[in-house]
Structure formats: C-alpha cells, structure tokens
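Below: the structure, in structure tokens.
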Amino acid sequence: MGDLADLVLQLYDIEAFKFGSFKLKTGLQSPIYIDLRVIISYPDILRSVAVHMNEILKRSNVSFDSICGVPYTALPIASIICADYKRPMLIRRKEAKNYGTKKLIEGKFQINDRCIIIEDIVTSGSSVIETADSLRAEGLQITDAIVFFDREQNGENNLQKRNIRLHRVLKISEVLGYLVQHGKISEEISENVKEFINQNQTQLPTLNIEIENKTISIPIRQRFQTIMKEKRSNLCLSADLTNLDEIIKLSKQVGSNICMLKIHSDILTDFSMDKIQQLKDISRKLNFLLLEDRKFADIGNTVKLQYTKGLFRIVEWADLVTVHALPGECIVQGLEQSAQSINEPRGCLLIAQMSSKGAFTDNEDYVKGVVECAKKYSDFVIGFISQSRLTTTDEFLHCTPGVHLNNTGDQLGQQYVTPRQAIDERGADILIVGRAILDSINRAKTAEEYQQQGYQAYEEIRKI
Ligand code: S5P
C-alpha cells in the first residue's frame, strides 16, 4: 500500500499541495492551494490514493451495497476501488439527461440500498451533501462518506448534521506535519495555514430547496421508511396549535427528531399558502413528512373539492392526509384522482380505529372492510390510523395516536398508552404524540425523549 507520508510527499512533488498566496473562488486569499485533479496524470499515485481510501472503508466496518463517487475528481478513484475490490458502483449525473430515461443515477440499485459516498476533498461538505440528497431522493440510504483529504473546516460537523459520518484518510494538520518533518515547508508556513483554517470554518450550507422539491420522485411509502431509518425516528408530532407561525417555529426546534409532522389546518387562525409553503420547505430541509389530519369522510366528488380547493388547497402541500373509510372505497378513488394533478408523490392513511372511548370503529367488520379497501388501493393508501396490528405483512404503516408517558387520558374521551405499549400492545409503527410534547416545559427535549424511547422500542419489538 505504501506509507502515507510517502504519498503526501509525492502529492507535494506533483503540486497537488501548493503554498503561497492564492485567490479562492470565494475571493478569499489563501496560503494553501489543494488540487487533487492532477493525480489522474500519475497512475501510481492515483492507485495509491484509492488503496488508502479502500483501507479506511474496510476499517470503518460500514456495510453497504454500492459506492458513489462525487463528480469529477472522485470518479476515477471510486472506479479503481470498485473494480479492484469488486464493489458495485453508482454514478450521479450532475444534470438529468433530457433524452431517453432522464435518470439522475446511473447503475443498478434497489430502494433502501445502502450507498457509500466517495469524495477527494471535503471543505464544508456541500458536495457530499448535494450528492447524498440526490441519492436519498431516489430512495437510497446514505450514512457514511469516505474522503481522502479533510481540510478541517468544519465539514465533519456539517455532515453529521445531515446524518452522514465522515471517514478520512488525511487531515490538513497531518499533511502539514509530514511536510514540515521532511523539510518541504517551514514551521512558519505551517502555522500560517493552520491559522487560515481556524479563521475560515464553514457553516452548514442552506439546502437548495428548489432542487429537493424537484427531485423527490420516490413513492411516499419508501420515502417514509427511508426517513424513519435514517433519522432513527418513528415519532409523529401532532402540532395541534392554532397559530401557523408558532408551528413553523416549533418545526425548526423538533424537526430533526420527527419523521412526520401532523397538523389540523382548519384550526389555524393565520393560515396562508405562503406560510404553509414555508412549513413545507422546512419539512424538506429537515426531512420529515407533512400530514394534514383532515379526516375526510364524504363522497368521492366532495372530497375531491375539499382536497384541492377552498382556502387550504391541501393537495398542494400535504404529503399525506387522514381519511375515514366510512363512505366506502369511492372516497379513496376521489382523493387518488385529485392527487394525480400534482407532480409529487401523495398518499393517505385510512382511519381504521380511533383512540377515543366508545369509538364506533370498535367493530370487527368495519375494520376488516377498511383493511380490504387499503389493500385494493395500496398505491395511495400507505397505512392506517389504528389501535391494533391489522395486517401480518409490513406493507402498511400503523400510526397510533393516544400516546403519553404519564397521563391516562383527558376529560373528553382521549385514552393514552405509553410509547412502548403503543408498539408492543397496539401494534404501532409510528407514534402520534400531541399534548405530551406540546404541554411540556421543553418541547425539543421532550420530543427527543419520545423519539429515543419510541425508536428503541420499535427496533426491539419489530426486530428491524
Ligand atoms: O383515533 C384518533 C385519531 C387521531 S388522528 N385519535 C386521535 O387522538 N387522533 C389525533 O391525534 C387527534 O386529532 C390529535 O390531533 C392527536 C392526539 O393528540 P394528543 O394531544 O391527545 O396526543
């Protein structure tokens, strides 16, 4: 494999690291310039970089199905790793083709496959994040990135915030150490570079929401499952507040802990399409689904109007809606038809059972009918609002409200169980939690507790 110090010296000799005063793209004057593109002209060095990266990959112990290099410099490196060590490769196009299949990702993969990202240099982490976003939008799971060189400008933290672990072959401080040790640069130059790095720490780049909105094309069921796994969360916050501004604020505080946010738009005193778009943008950025708990219950034609028209135009922003199956399957047909007018995946949760005392849904035949309906329209119906496990397969997500850690109910018939009971005894996948979080002193901290307890119980009981 060759010694890492030797490789650093070779990179220095081919001018992959240069010292002096360089004007960066950002306009900043930098005492170091790093350009690993030159390595493609030196096959031995190129291979050595790939071998060292593969070593880190092996040591990371991460299991994966494929590898994707970030264009362009990392592509030849990824190709060598894939060819030499027999690992399947994916390529993410910078632009979708405008002919043929319009694919963004080349290579074979299945939804939920685990893919490792390979990059040459990480500064802020934005290229890795951009690649991860496109792959995630296609249903792949991204948890780890291997980079050759870390400029130590906060990329590791930025990536961690997007749930990506960074593994690197070399840090800038190590490169400086080797070069000083071998008399290539002076202590003074090394200190200068370190100071520059310290003073130019990067912040998490804000996500380009436009790109995200456009690329989300995977079916909602897969997207839901991917979000749950990636964020290790089966918590749906029921944000039953009457002010949308307050919900927007809350969604930023708890967004990283939840897989879904549920609202009742008809209780909002300040609803506007502008504000709901803001909430939708946050849901894309922080990766959770938006559920409008509309509880539709009318004939097909009326629900079509309720879903698409009026003040709320629900279909335009809600990933999911809740629906009573009371009117029969025509209600699902009406909603599914309307959803086709939107260029994004949509779905619904059928209300099979309710948490309130004396609910008329406590009727075996009714529940059976709801399950039949869900199976018939399983492209649009992705799960149930339920109080028990209704199917033996995992095709439908069971979402269970009435969850509270230390309360038995309210004065109006609500009945509660704990997160563990909801999963163990009520067959829940997703916990819908409202006042337990909303009425707590520290909502963010409480949401985190419900996330952790809920997901731990989910992993243990469902054995996922
Ligand atoms: O059976 C049900 C179905 C739903 S969607 N029971 C429920 O409580 N819900 C909703 O879940 C209810 O409308 C409310 O928004 C939330 C529960 O809120 P909490 O404050 O009692 O946790």
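Just so you know, ligand 1 is whichever comes first in the structure, and atom 1 is the first atom listed for that ligand.
Look at Ile385 and you'll find a heavy atom under 4.0 Å from some atom of ligand 1. Using 4.0 Å as the threshold, Lys262 has a heavy atom nearer than that to some atom of ligand 1. Using a non-hydrogen distance threshold of 4.0 Å, Gln387 does not register as a contact of ligand 1.
Residue-level proximity to ligand 1 for Ser355 is carried by backbone and side chain together, each with a heavy atom below 4.0 angstrom.
Residue pairs meeting the side chain to side chain donor-acceptor pair (under 3.5 Å) criterion with at least one partner in residues 363-375, sequence neighbours excluded, do not occur; the list is empty.
For atom 14 (C) of ligand 1, the closest non-hydrogen atom on the protein side is Asp240 OD2, 3.2 Å. For atom 8 (O) of ligand 1, the closest heavy atom belonging to the protein is Gln414 NE2, 2.9 Å.
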message: I'd like to know whether Phe380 forms a ring-ring contact (aromatic ring centres under 6.0 Å, His included) with Tyr377, so could you lay out the CA-CA distance, the side-chain angles of the two residues, the decisive distance to 0.1 Å, and finally the verdict.
response: CA-CA 6 Å; Phe380 190 67; Tyr377 295 92; 9.0 Å; no
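Checking side-chain atoms of Asp113 against main-chain N and O of Leu140 turns up no donor-acceptor pair under 3.5 Å.
Taking each of Ser386, Ser356, Pro401 in turn, the one with a heavy atom nearest to atom 7 (C) of ligand 1 proves to be Pro401. The heavy atom nearest to atom 22 (O) of ligand 1, out of those in Ala352, Gly409, Gly434, is found in Gly434.
Taking the ring axis of Phe396 as reference, the NZ or CZ atom of Arg221 stays within 45° of it and closer than 6.0 Å to the ring centre.
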